[in-house]
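Residue numbers start from 1 in every chain, and the chains themselves are labelled A, B, ... in the order their sequence lines are given, proteins ahead of strands.
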2 protein chains.
Amino acid sequence: MRLSTKGRYAVTAMLDLALNGKTGPVTLAEISENQGISLSYLEQLFAALRSKDLVRGVRGPGGGYYLGKSSDEISIANIICAVDEWVEFTRCGGRQNCSGGARCLTHTLWDDLSAEIFNFLADISLGDLVRRNLANRNGRDTSLSAVSTSSSQAA
Amino acid sequence: MRLSTKGRYAVTAMLDLALNGKTGPVTLAEISENQGISLSYLEQLFAALRSKDLVRGVRGPGGGYYLGKSSDEISIANIICAVDEWVEFTRCGGRQNCSGGARCLTHTLWDDLSAEIFNFLADISLGDLVRRNLANRNGRDTSLSAVSTSSSQAA
DNA sequence: TAATTACCTAGTGATTTGGTTGGAAATAGA
DNA sequence: TCTATTTCCAACCAAATCACTAGGTAATTA
């Protein structure tokens, strides 16, 4: 898995779209202005998002972008994978030349952990984030998703 | 947050250390051999891990690295933060010049999500991963941590 | 026709990645 | 004490990635 600033930009832009796209299409110029991301960089990100059907573009005056599907059907994992080229994990290409077994062992552990992280992000949708915010206008600490058993360790 | 191949290398190396360090110190040469990571790159990673007291080095023949504390006291988030320089999230530096409010809104949403991801990774320890593997020798699908409510969405 | 917008391609400086080289300091064993 | 081993440390490097700029073309509206 890969979670970089590029993915953050994409998620941020999609959030902007989910929040402001209720009435009509949102232009990249608006998102650029709102989020402080350069227009051309947004174009590149949205090319990737469009290829995965996460957004739908409308050309011409009055055009812009819509979400490609309902905000509940778009997970954070979907967005990050679209722009960050889901890096395939080196799992020794099956079982070949995995010297000693110690290598395969840690690879397996890492793969399991990666899958867990992916599932975590796949379970949070754009809709979840938006609703959480609306519900949290003056309240506090609304749980983001079904998953929320944090405690024990801090930074 | 930031989850790159660099962090993956660090987690993988720490897993190797947790698995093989029961009897004595583990040399970087062994980890390099086991995991296919260059020795010098490991040195750089372990310099960062050492500065955060996640590992303890012993010089000289028969030397190597120990875990700096119990594997239960080392979270995945600890490891990734040590090598990846925990990127501070642009939250508009407080509340200044955040045009329109739409920007602050998505920033807040992103910050909340980031915190959630961090908590998720902070709740998984090296010890969890090791125990999961031992428990899963011939069994299947042992839950990794307390957190495991996945369903609904897939890739 | 003109303005607006998505869409496309190429390039660019800065940073990060993952690695190499060449050591120095500490320690165990001969 | 000498030597081998190992961590430690600094500088440097090619390749990739990041975030952006520049300069268009295609579709659509008024």
When you compare the side chain of [Y] with that of [X], does any pair of heavy atoms fall below 4.5 Å?
{"X": "B:N20", "Y": "B:E30", "answer": "no"}
{"X": "A:M14", "Y": "A:I74", "answer": "yes"}
{"X": "B:E33", "Y": "B:L28", "answer": "no"}

So does A:T27 get a side-chain nitrogen or oxygen closer than 4.0 Å to the phosphate oxygens (OP1/OP2) of C:dA6?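 No, outside the criterion.
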Rounded distance (Å) that lies between atom [atom2] of [N] and atom [atom1] of [X]:
{"X": "B:R50", "N": "D:dT7", "atom1": "CZ", "atom2": "P", "value": "11 Å"}
{"X": "B:D84", "N": "C:dT16", "atom1": "CG", "atom2": "P", "value": "10 Å"}
{"X": "A:L45", "N": "C:dA6", "atom1": "CG", "atom2": "P", "value": "14 Å"}
{"X": "B:Y41", "N": "C:dG19", "atom1": "OH", "atom2": "P", "value": "7 Å"}
{"X": "A:Q35", "N": "D:dC20", "atom1": "CD", "atom2": "P", "value": "13 Å"}
{"X": "A:E43", "N": "C:dA10", "atom1": "CD", "atom2": "P", "value": "15 Å"}
{"X": "A:I80", "N": "D:dT17", "atom1": "CD1", "atom2": "C1'", "value": "17 Å"}
{"X": "A:E30", "N": "C:dT4", "atom1": "CD", "atom2": "C1'", "value": "13 Å"}

Counting side-chain heavy atoms from C-beta on, which of [options] comes nearest to [X]?
{"X": "B:S38", "options": "C:dT20, C:dT4, D:dC18", "value": "C:dT20"}
{"X": "A:R59", "options": "D:dC20, D:dA26, C:dG19", "value": "D:dA26"}
{"X": "A:Y9", "options": "C:dT17, D:dT28, D:dA19", "value": "D:dA19"}
{"X": "A:Q44", "options": "D:dA4, D:dT21, D:dC9", "value": "D:dT21"}
{"X": "B:K6", "options": "D:dA4, C:dT17, D:dT28", "value": "C:dT17"}

Tell me what [X] touches on the nucleic acid: a base, only sugar-phosphate, or nothing, going by heavy atoms under 4.0 Å.
{"X": "B:S40", "result": "base"}
{"X": "A:L39", "result": "nothing"}
{"X": "B:Y65", "result": "sugar-phosphate"}

Donor-acceptor contact below 3.5 Å, side chain A:S38 vs main chain A:Y41: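 A pair under 3.5 Å: yes.
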Ignoring hydrogens and angles, tell me if any N or O in the side chain of B:D128 forms a donor-acceptor pair with the backbone of B:S125 under 3.5 Å.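 Flag set: sc B:D128 to bb B:S125 pair under 3.5 Å.
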Would you please test A:F120 and B:E116 for side-chain contact (heavy atoms from CB on, under 4.5 Å) and show each step? CA-CA 10 Å; A:F120 176 73; B:E116 209 83 12; 3.7 Å; yes
Taking the nucleotide of DNA chain D with the nearest heavy atom to each, does B:R56 or A:P61 sit closer to the 5' end?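 Counting from the 5' end, the first nearest nucleotide belongs to B:R56.
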Do A:S75 and A:D123 meet the criterion of a side-chain donor-acceptor pair at a distance under 3.5 Å?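 No - no donor-acceptor pair under 3.5 Å links their side chains.
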Measure the angle between the two terminal helix axes of the helix from C:dT1-D:dA30 to C:dA30-D:dT1, five base pairs each, and quote it to 10°.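 Taking five pairs per end, the axes differ by 20°.
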Does A:L54 form a side-chain contact (heavy atoms from CB on, under 4.5 Å) with A:L67? I'd like the steps, not just the answer. CA-CA 6 Å; A:L54 297 180; A:L67 290 182; over 6 Å; no
